[in-house]
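By convention in this document, chain letters (A, B, ...) are assigned in the order of the sequence lines, proteins followed by strands, and residues within each chain are numbered from 1. From a predicted model like this one, the values you see are computed outputs, not experimental measurements.
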2 protein chains.
Amino acid sequence: MVAPESIHDGFELANTRRTLPILLLSAREAVMEHFRPLLHAHDITEQQWRVIRVLQERGEMDASRLADLACILAPSLTRMIKALEARKLVASRRDETDGRRSLISLTEKGRTFIATVAPSSARIYADIEARVGTELLQRLTDDLVALRTALDDEL
Amino acid sequence: MVAPESIHDGFELANTRRTLPILLLSAREAVMEHFRPLLHAHDITEQQWRVIRVLQERGEMDASRLADLACILAPSLTRMIKALEARKLVASRRDETDGRRSLISLTEKGRTFIATVAPSSARIYADIEARVGTELLQRLTDDLVALRTALDDEL
DNA sequence: CGCTATAACTTAACACGTTAATGATGCTGC
DNA sequence: GCAGCATCATTAACGTGTTAAGTTATAGCG
């Protein structure tokens, strides 16, 4: 499929299709392809789904932490919270002890929404797990965490 | 860092932070973080950089194939080609034998541009390779390809 | 040849990614 | 107490992701 040359010789650009950015991007695309029909059917974006799931798992938190955990930038989150509030899936309030912070939480409607979508989502993930195989999936999970750790510039 | 429970039990949602979509997203983010200053300094986006690199590696091709290889959707590519043409980094022309197709190619200026940025880019990739380690990088590369293959619905 | 279907792009509309700048609040030291 | 700096959130501007609809061109078929 691809020439079996070394990934990178240190002097020239690597084959674009074999670089980490594209491999990670296309792998992610292959995974998301399976979830998209479900999310679309429930009129929610992938990013919004991440946000409300994080809220369900960890409860109310400020916007910065939510953005960090859901892998979403602050400006995007600001826009999304407005949309999710309009649908009454989340609620936000000012932190009383720190007026700069905005605390976001899941509403009862939000919890119900997740409960509605969760079974299908879990089924899709189980199908992916079955296709990929437990061994490969486990190794990938560990290696991806290791990759992040190796690249994290501990400031 | 994360509770050492099984990835997924088949009945409930997995821990969001341990799911493939987020792992792949955050790993990619960790990698791109290192390239962003360079790309920004040359006033080019990550996606545009992918597009012109694919053109350099494989030469003139039609838009569909280019979009596929660079992992970019057709509507995005249409917009990008306009921008890249305005900067005279790429050129496009109609396919003479199939009037529907648009053939995209790198200009001389485009080649020069890549030659200018390539050394820094290669240095950054080499640094990443050094941090991550050859073994982990090689295994990840293979596993990510395997993941894509496993999930590809061969239509 | 003409009709229909399909394919390759293009456009449009809306959401998110990314960077920079602004506003508001908190904090620190004097 | 207040001036100056840091932090959190928001806004703005532009590029890309995503889906749907629209254009133009080709292919198939009677």
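Boundaries of the chain A contact region on DNA chain D are D:dT7 to D:dA20, first to last in 5' to 3' order (nucleotide atom under 4.0 Å from a heavy atom). From the 5' end on, the contacts that DNA chain C makes with chain B at under 4.0 Å to a non-hydrogen atom open and close at C:dA7 to C:dA20.
If B:L77 and A:S76 are placed on DNA chain D by their nearest nucleotide, the residue sitting closer to the 5' end is A:S76. Nearest-nucleotide positions on DNA chain C for B:D98 and A:C71 put B:D98 closer to the 5' end. Residues A:R36 and B:T45 each lie close to DNA chain D; by heavy-atom proximity, the contact nearer the 5' end of the strand is made by B:T45. Mapped onto DNA chain C by nearest heavy atom, B:R65 and B:R79 fall at different nucleotides, with B:R65 at the one closer to the 5' end.
Looking at heavy-atom distances under 4.0 Å, B:A63 makes contact with sugar-phosphate atoms alone, never a base.
A salt bridge links B:D127 with B:R131: at least one charged nitrogen is closer than 4.0 Å to a carboxylate oxygen. Remark: B:E108 engages B:R111 in a salt bridge, criterion side-chain N to carboxylate O under 4.0 Å. Here B:E96 does not pair with B:R101 in a salt bridge; the nearest charged N to carboxylate O distance is not below 4.0 Å. The pair B:D62-B:R65 does not meet the salt-bridge criterion, since no charged nitrogen lies less than 4.0 angstrom from a carboxylate oxygen.
Using modelled atom types, one side-chain atom of A:T116 and one backbone atom of A:T112 make a donor-acceptor pair closer than 3.5 Å.
Of the inter-residue distances, the one linking B:E60 atom CD with B:L103 atom CG reads 4.5 Å to the nearest 0.5 angstrom.
Closest approach of A:K109 and A:L89 over heavy atoms only: O-CD2, 4.0 Å.
Note on B:L151 and A:I124: same hydrophobic cluster, where clusters join Ile, Leu, Val, Met, Phe, Trp and Tyr whose side-chain heavy atoms are under 4.5 Å apart, directly or indirectly.
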